Amino acid sequence: MTQRTALVTGGTGGIGSAIVRYLARQGHRVATNYRNPDKAEAWRKDMEAEGIEVCMVAGDVSDPASCAAMVREVEAGCGPVDILVNNAGITRDTTFHKMSYQQWTEVVNTNLNACFNVTRPVIEGMRQRKWGRIVQISSINGQKGQYGQANYAAAKAGMHGFTISLAQENARFGITVNTVSPGYVGTDMVMAVPEEVREKIVAQIPIGRLGKPEEIAHAVAFFTGDEAAWITGANLAINGGHYMGW
Ligand code: CAA
């Protein structure tokens with residue numbers, strides 16, 4: 001397998017860590033951004049203990065200038081980015097009639113505008129080199145909507161609109177662009193949902209349990225491989241059967 005440089009945004013989070021681990025174990029050089037240096041250093045040490053070296057760069061995905069600097073630093077330290085996983089994401093759940101403008105914009109900036117901020121400095125190099133893999137980590141809730149998540153569902157649905165446009169524009173340049181839409185995975189983000197609400201959600205999942213981060217990482221690795229060269233503009237739902245769109 002060809003060794004490549006992969007940038008995974010939000011790599012220190014639940015699903016992000018699993019993606020970093022999976023791509024690193026496949027032999028890629030993996031980079032991620034962080035916002036909290038103390039948390040990042042503890043995470044880096046945990047990874048190192050597992051034998052995984054990660055190129056860590058400070059960067060706020062909601063800020064275009066910070067992302068441009070972050071990509072420059074990753075490329076200087078680890079080489080041109082051939083694989084980009086737009087994974088960083090946050091929630092600010094509340095019903096829309098109570099939602100503040102800040103709760104709306106924080107989620108849209110971090111989950112959707114980040115796709116512009118991080119992909120824009122990476123795309124020209126991929127086009128020049130005629131190879132690239134871009135994966136958006138969207139959500140089941142971008143597909144089906146979710147009570148209390150008008151901001152998050154709008155941003156996550158927008159990510160797939162981004163995928164299918166970018167896929168068309170870049171297909172001739174050896175670049176594939178796809179979306180993975182996880183359902184409820186057992187990460188801190190999902191465990192923050194009140195227990196009684198979460199139990200009702202799990203009861204709606206035919207497979208009968210939350211997902212595991214590795215189950216999402218496996219799909220990301222699938223899309224980023226050389227063998228997936230003819231798959232572009234796809235959305236792969238991984239949700240235990242919770243939402244079966246087609
Ligand atoms: N459908 C219909 N009614 C619902 C509902 C639903 N899905 N969820 C809650 N309600 C109802 C309640 O039964 C309650 O009704 P009563 O007042 O008649 O008892 C009412 O809504 C509560 O409404 P409030 O406006 O008072 O809401 P709240 O302030 O108590 O909290 C909430 C609402 C923040 C949305 C809370 O229910 C919640 O956290 N829900 C979970 C949201 C969720 O799934 N987030 C996903 C986070 S993980 C993630 O995002 C990762 C991923 O990609 C999957």
Side-chain angles (χ1 to χ4, degrees), residues 8-22 32 35 61-62 85-115 118 134-164 178-220 222-223 234-246:
V8 180
T9 66
T12 61
I15 290 177
S17 296
I19 297 170
V20 166
R21 217 177 255 121
Y22 209 114
T32 191
R35 292 179 62 189
V61 296
S62 69
V85 185
N86 282 311
N87 163 74
I90 58 167
T91 54
R92 297 286 182 268
D93 293 356
T94 184
T95 44
F96 184 69
H97 61 278
K98 295 181 189 166
M99 190 177 288
S100 66
Y101 182 65
Q102 186 177 351
Q103 287 169 321
W104 174 267
T105 48
E106 280 180 2
V107 168
V108 172
N109 283 339
T110 303
N111 298 10
L112 179 60
N113 291 342
C115 292
V118 183
I134 301 174
V135 181
Q136 268 62 253
I137 307 300
S138 177
S139 165
I140 184 176
N141 293 341
Q143 300 179 281
K144 70 164 189 54
Q146 171 60 38
Y147 196 104
Q149 285 201 309
N151 49 2
Y152 186 86
K156 291 295 188 180
M159 289 174 83
H160 190 57
F162 175 70
T163 289
I164 56 186
N178 293 290
T179 299
V180 171
S181 291
Y184 283 76
V185 176
T187 60
D188 290 349
M189 184 185 271
V190 166
M191 297 321 269
V193 172
E195 195 177 349
E196 64 285 4
V197 178
R198 204 173 57 241
E199 278 170 6
K200 284 189 194 144
I201 290 169
V202 174
Q204 295 164 17
I205 303 176
I207 291 183
R209 62 166 173 86
L210 295 174
K212 299 175 190 166
E214 314 81 80
E215 291 169 329
I216 308 305
H218 178 67
V220 173
F222 167 73
F223 278 131
N235 178 29
L236 181 54
I238 308 177
N239 58 36
H242 192 171
Y243 178 75
M244 299 184 187
W246 62 282

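Atoms within each ligand, like the ligands themselves, are counted from 1 in listed order. Only a predicted model underlies this, so the values are computations on that prediction, with no experimental measurement involved. Start at 1 with the first residue, then count along the sequence.
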- Please lay out, stage by stage, how M191 and R198 fare under the test side-chain contact (heavy atoms from CB on, under 4.5 Å). CA-CA 8 Å; M191 297 321 269; R198 204 173 57 241; 3.7 Å; yes
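- For atom 41 (C) of ligand 1, the nearest non-hydrogen atom of the protein is V197 CG1, 3.6 Å.
- Rounding to the nearest 0.5 Å gives a distance of 8.5 Å between CG of N178 and CZ of F222.
- Applying the 4.0 Å criterion to heavy atoms of Q146 picks out, from ligand 1, the atoms 42 (C), 43 (C), 44 (O).
- Protein heavy atoms are found inside the 4.0 Å sphere centred on atom 7 (N) of ligand 1.
- Heavy-atom separations between K98 and ligand 1 include at least one value shorter than 4.0 Å.
- In this structure, atom 49 (C) of ligand 1 lies nearest to the protein heavy atom M189 SD, 3.8 Å.
- Scanning all heavy atoms of the two residues, the minimum distance from F96 to A150 falls at CD1-CB, 4.0 Å.
- Under 4.0 angstrom from ligand 1, the non-hydrogen atoms of N141 all belong to its side chain.
- At under 3.5 Å, a nitrogen or oxygen of T95, whether backbone or side chain, sits near a nitrogen or oxygen of ligand 1.
- The closest side-chain heavy-atom distance from I238 to H218 is not below 4.5 Å.
- Less than 4.0 angstrom separates some heavy atom of S139 from each of these atoms of ligand 1: 52 (C), 53 (O), 54 (C).
- For atom 23 (O) of ligand 1, the nearest non-hydrogen atom of the protein is Y147 OH, 3.7 Å.
- Taking a distance limit of 4.0 Å, we find that atom 11 (C) of ligand 1 is approached by some protein heavy atom.
- V190 CG2, 3.7 Å is the protein heavy atom nearest to atom 48 (S) of ligand 1.
- One finds the NZ atom of K144 at 8.0 Å from the CD atom of Q149 (value rounded to the nearest 0.5 Å).
- Test I137, V85, T110, N87 against T9 for side chain to side chain contact (heavy atoms under 4.5 Å, CB included) and you get one pass: N87.
- Under a cut-off of 6.0 angstrom, the local environment of CZ in R35 is sparse, with at most 12 non-hydrogen atoms contributed by other residues, nucleotides or ligands.
- Classification of the Y184-H242 ring pair by plane angle, with boundaries at 30° and 60°, yields tilted.
- Note on ligand 1: I201 sits in its first shell, one or more heavy atoms being nearer than 4.0 Å.
- E106 CD to T91 OG1: the interatomic distance, rounded to the nearest 0.5 Å, is 10.5 Å.
- Of all the listed residues (D93, V193, L210, T187), D93 holds the heavy atom that lies closest to atom 42 (C) of ligand 1.
- Atoms of ligand 1 lying under 4.0 Å from any heavy atom of T91, numbered from 1 in the order shown and given with element: 50 (O).
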- Verdict with supporting geometry, V107 and R92, side-chain contact (heavy atoms from CB on, under 4.5 Å): CA-CA 7 Å; V107 168; R92 297 286 182 268; 3.6 Å; yes
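- By the definition of a contact as any protein heavy atom under 4.0 Å away, atom 29 (O) of ligand 1 is in contact.
- Nearest to atom 50 (O) of ligand 1 among the protein's heavy atoms is Q149 NE2, 2.9 Å.
- Regarding atom 51 (C) of ligand 1, its nearest protein heavy-atom neighbour is Y152 OH, 3.5 Å.
- Nearest to atom 44 (O) of ligand 1 among the protein's heavy atoms is Y184 OH, 2.7 Å.
- Contact annotation for P194 and ligand 1: only side-chain heavy atoms (C-beta onward) come within less than 4.0 Å of the ligand.
- One finds the OG atom of S62 at 12.0 Å from the CG atom of L112 (value rounded to the nearest 0.5 Å).
- For the pair S138 and P182, the tightest heavy-atom approach, listed with the atom from each and the gap, is O-CD, 3.2 Å.
- Atoms of ligand 1 found under 4.0 Å from any heavy atom of G148, numbered from 1 in the order shown, are 35 (C).
- With a 4.0 Å heavy-atom cut-off, ligand 1 is reached by no atom of K156.
- Looking only at atom types and distance, the side chain of T179 has a donor-acceptor partner in the side chain of T163 under 3.5 Å away.
- Distance check for atom 2 (C) of ligand 1: a protein heavy atom is found below 4.0 Å.
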